[in-house]
> 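I have a structure I would like to understand better, so I am pasting it below and will then ask my questions one at a time.
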Amino acid sequence: MTGRPPILFPLFADLESLDGVGPKTARHLGQIEIEKPRDLLFTLPYSGVDRRRVPSVTGLTLPTTATLEVTVGQHRPASRKGGPYRIDVKDEQTTFQLVFFHARGDYLQKQLPTGERRLVSGRLELFDTMAQMVHPDHILRPEEAAEIPGYEPVYPLTSGVTQKQMMRAARSTLARLPVVEEWIDPGLMQREGWPDWKTALETAHAPEGARDLTADSPSRRRLAYDELLSHQITLALARSIERRGKGRSSVGTGRLQGKVLNALPYRPTGAQERAVREISDDMAGPMRMTRLLQGDVGAGKTFVAVMALLVAVEAGGQGVMMAPTEILARQHLESVRPLAESAGVVLEILTGRDKGAERAAKLAALKRGDIHILVGTHAVFQKDVEFGDLRLAVIDEQHRFGVAQRMELGAKGHAVDVLVMTATPIPRSLALAQYGDMDLSILDEKPPGRTPIKTALVSTGRMEEVVGHLQRAVAEGKQAYWVCPLVEESEVVDMAAAEDRFVHLRAILGEGRVGLVHGQMPPADKDSAMARFVAGETSVLVATTVIEVGVNVPNASIMVIEQAESFGLAQLHQLRGRVGRGAEASTCLLMYQGPLGETAKRRLEILRETEDGFRIAEEDLAMRGAGDLIGTAQSGLPKFRIADMERQAGLMQVAQQDARALLTQDPDLTGPRGQAVRVLLWLMEQDKAIRLISVG
């Protein structure tokens, strides 16, 4: 694919080629990311002004915007410097005044000559019982009436650019719209009642009323779909290239899985059974699996991961489970061990700590295939680590595992299937936007036997009461986390806050009963503080948010979060998920510093109401918007100009299915619709996709 199709050239020309756009205006437009005519096309009006003609001011409810044809009467120049210059005008029924400040009389005489008819449009207000229009937005001769649309679009502006300039530039861009072949599936167009691309843009820029401005109007939905489709095609191309020509079938016998099921004290949830089925089907298929397993805190992801690893072992191969840190790797080992033992498979761990003869022995066993399942940190990636027959890699998502690492893993065994686990429930629309190149399995039920967590809101003023409660609990042998607030993104200040709280609690609870973990500590100190808490040597762990990921201490049943209002919803939910892991009834205290703002209050109340991570994530998305939810910096989320991921989640799903179906039928996009989609990709500046097509 050599380059941008010529029919799109006019949309990628200089902004200065548009009506009324000079170098200065072009510079100003750059501030709102409008650098070429194409960007103007996708900068849609966000509201509108009714400029339909009315016969008279009489009967209007003021203040309001109105457009009237008037006969110009007497001019009354300002009596003092800077005072108002008034002009009497008469509509069909009554007289009112046009008012100007700092205007030159000769200019106004020319614009509004007495006795002539003019069309005026602007805001009418009542002043001393007289209707006035101060500085009309439009003054035109009756024959120029067509220049004011009946409903005038209002565009987002930046300093140095007026509505008139935006409107002119947009019209000038619309005039050069090419005729393109349709890239949307005809069946979908018909079902949704969408217009073609050109009509959609023309309608979106010339709304006829407030309804045309909503995200649900057919034109806007169609334009949003174009954005979502081009994004999903990019992801689907990446996925198909990653899977192409690779993959091998791993079919389980069910023998080892059966042993695990028999040893389980409970039945798996429906969601767990469904996920295991989806993963087994993928592994049995000829294509390489890349699947995302999304599960809320405590939804039982480990069980699903073990069942998947057993499929690899039953098929005669090996599996690896990766964790981002040594502590988490050891925890995975502890949680996987009882299940692996009931199946009689050999389980080992490999971390950076393994040295010398011990490491050499593990590597030899791994290469011979004597180790069935390996749990490890990224130490697994080192050159000398060789597997006998690696078939499945399970990756804990805290790795922020990219495509590059997946390729590296692929090199360890040919065509390794990949299962990525994430404990962050992400609303479906965002999961598709961020991980659209993967297939999704969702665990949305809690296994039996987990006690609900009691969540309470307490104001900081009751600190001593909380510490007293903690003292009694610790005396009964309970363990607690105490999370310190995030201060202004500064780790140094965070550290000071955590150290102060540590000293305070140590003085009350006694030397040796309180541990401390924060971001500024050397990793080895962090590990040993965590290890002491896991072993039950310390009763209270004071921490900044470094503990939110994956730590499992079943005996910890109390979570205190200071200044909970400074955390995001998802973060609070993750932190709370650190307790409630044993049989003990658990409590989470959200301490806040009053008075609380509306949003902060709503956040804390949602947490008190529900433990459902998906519901919390949906609320979080509604409150904060997509970029903030994943942290804009590393979000990996596309920036859409029209599509709204929060409100158009359904469209995102349709786009994903559509994109995948299209690439199954036409992998190189050479068919008629494929060719049209190539134009869409160029239009949407999906350079990545375009490179993938030329590579593929």
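All heavy atoms count here, side chains included; hydrogens, waters and symmetry mates do not.
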> Side-chain contact test, heavy atoms from C-beta onward, threshold under 4.5 Å: evaluate it for E16 versus P23 and give yes or no.
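A side-chain contact exists here, since the closest heavy-atom pair is under 4.5 Å.
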
> Between R4 and F9, is there a donor-acceptor pair closer than 3.5 Å when you use the side chain of the first and the backbone of the second?
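It does not hold such a pair.
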
> Do side-chain atoms of Q163 reach the backbone of Y155 as a donor and acceptor pair under 3.5 angstrom?
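Here the side-chain-to-backbone pair exists.
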
> Using the side-chain contact (heavy atoms from CB on, under 4.5 Å) criterion, which residues pair with V54? Sequence neighbours excluded.
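V54 satisfies side-chain contact (heavy atoms from CB on, under 4.5 Å) with L60, A66, L68 only.
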
> Kindly check if the number of other-residue, nucleotide or ligand heavy atoms within 6.0 Å of CD (E143) is above 12?
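Yes, CD of E143 has more than 12 neighbouring heavy atoms, counting only those of other groups under 6.0 Å.
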
> Ion pair present between R171 and E147, side-chain N to carboxylate O less than 4.0 angstrom?
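Looking at R171 and E147, the cut-off is not met.
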
> Short question: side chain of H135, backbone of F101 - any donor-acceptor pair under 3.5 Å?
yes

> Do the side-chain N and O atoms of T67 and R51 include a donor-acceptor pair separated by under 3.5 angstrom?
no

> Output every pair passing salt bridge (Lys or Arg N to Asp or Glu O under 4.0 Å) with a member in residues 92-114, not counting sequence neighbours, ordered by first then second residue.
R104-D106

> Report yes if some heavy atom in the side chain of V679 is under 4.5 Å from a heavy atom in the side chain of E181; otherwise report no.
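Not touching, per the 4.5 Å side-chain cut-off.
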
> Given side chains that start at C-beta, do those of D50 and T65 come closer than 4.5 Å, heavy atoms only?
no

> Within the side chain of H28, is there an N or O that forms a donor-acceptor pair under 3.5 Å with the backbone of S159?
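Present.
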
> Taking CD in Q93 as the centre, count heavy atoms belonging to other residues, nucleotides or ligands within less than 6.0 Å. Is the count above 12?
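Atom CD in Q93 is crowded, with more than 12 foreign heavy atoms closer than 6.0 Å.
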
> Give a yes or no answer on whether the side chain of K198 reaches the backbone of V180 with a donor-acceptor pair at less than 3.5 Å.
no

> Are R660 and D439 ion-paired here, with the side-chain N under 4.0 Å from a carboxylate O?
yes

> Flag the pair R641 / D39 as yes when at least one side-chain heavy-atom distance between them is below 4.5 Å, and no otherwise.
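Sidechains of D39 and R641: in contact.
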
> Quick one: list whatever passes ring-ring contact (aromatic ring centres under 6.0 Å, His included) with Y592, sequence neighbours left out.
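Y592 satisfies ring-ring contact (aromatic ring centres under 6.0 Å, His included) with no other residue.
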
> Report yes or no: does R118 contribute a side-chain atom to a donor-acceptor pair with the main-chain N or O of I139 at less than 3.5 Å?
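Side chain of R118 to backbone of I139: no pair is present.
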
> Going by an N to O cut-off under 4.0 Å, is there a salt bridge joining D216 and R220?
no

> Verify, without hydrogens or angle tests, whether R274 (side chain) and I442 (backbone) share a donor-acceptor contact under 3.5 angstrom.
yes

> Tell me whether H75 contacts the main-chain N or O of L112 through its side chain, where contact means a donor paired with an acceptor under 3.5 Å.
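Yes: the side chain of H75 pairs with the backbone of L112.
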
> With no hydrogens and no angle check, do the side chains of Y225 and D658 hold a donor and an acceptor under 3.5 Å apart?
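On atom types as modelled, these side chains qualify, holding a pair under 3.5 Å.
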
> Give a yes or no on whether a salt bridge exists between E192 and R222, defined as a side-chain N under 4.0 angstrom from a carboxylate O.
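Looking at R222 together with E192, the answer is no, because their closest N to O distance does not fall below 4.0 Å.
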
> Could you grab the distance from atom CE of M652 to atom CD of Q657, nearest 0.5 Å is fine?
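Output value for this atom pair is 12.5 Å.
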
> Answer whether the closest heavy-atom distance between the side chains of R678 and T670 falls below 4.5 Å.
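In short, these two side chains touch, coming nearer than 4.5 Å.
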
> Taking atom types as modelled and ignoring hydrogens, do the side chains of D14 and S17 form a donor-acceptor contact shorter than 3.5 angstrom?
no

> Please examine the side chains of V57 and M133, heavy atoms only from C-beta on, and report whether any two atoms are closer than 4.5 Å.
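Contact flag for M133/V57 side chains = no.
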
> If you count every heavy atom of other residues, nucleotides or ligands that lies below 6.0 Å from R176 atom CZ, does the total exceed 12?
yes

> Check R53 with D91, please: is the shortest side-chain N to carboxylate O separation under 4.0 Å?
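Looking at R53 together with D91, the answer is no, because their closest N to O distance does not fall below 4.0 Å.
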
> Do other residues, nucleotides or ligands put more than 12 heavy atoms under 6.0 Å from the CD atom of E33?
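No, not enclosed.
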
> Less than 4.5 Å apart, any side-chain heavy atom of R673 and any of D666?
no

> Would you mind reporting whether P45 and V154 have side-chain heavy atoms less than 4.5 Å apart?
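Heavy-atom side-chain distance check fails, nothing below 4.5 Å.
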
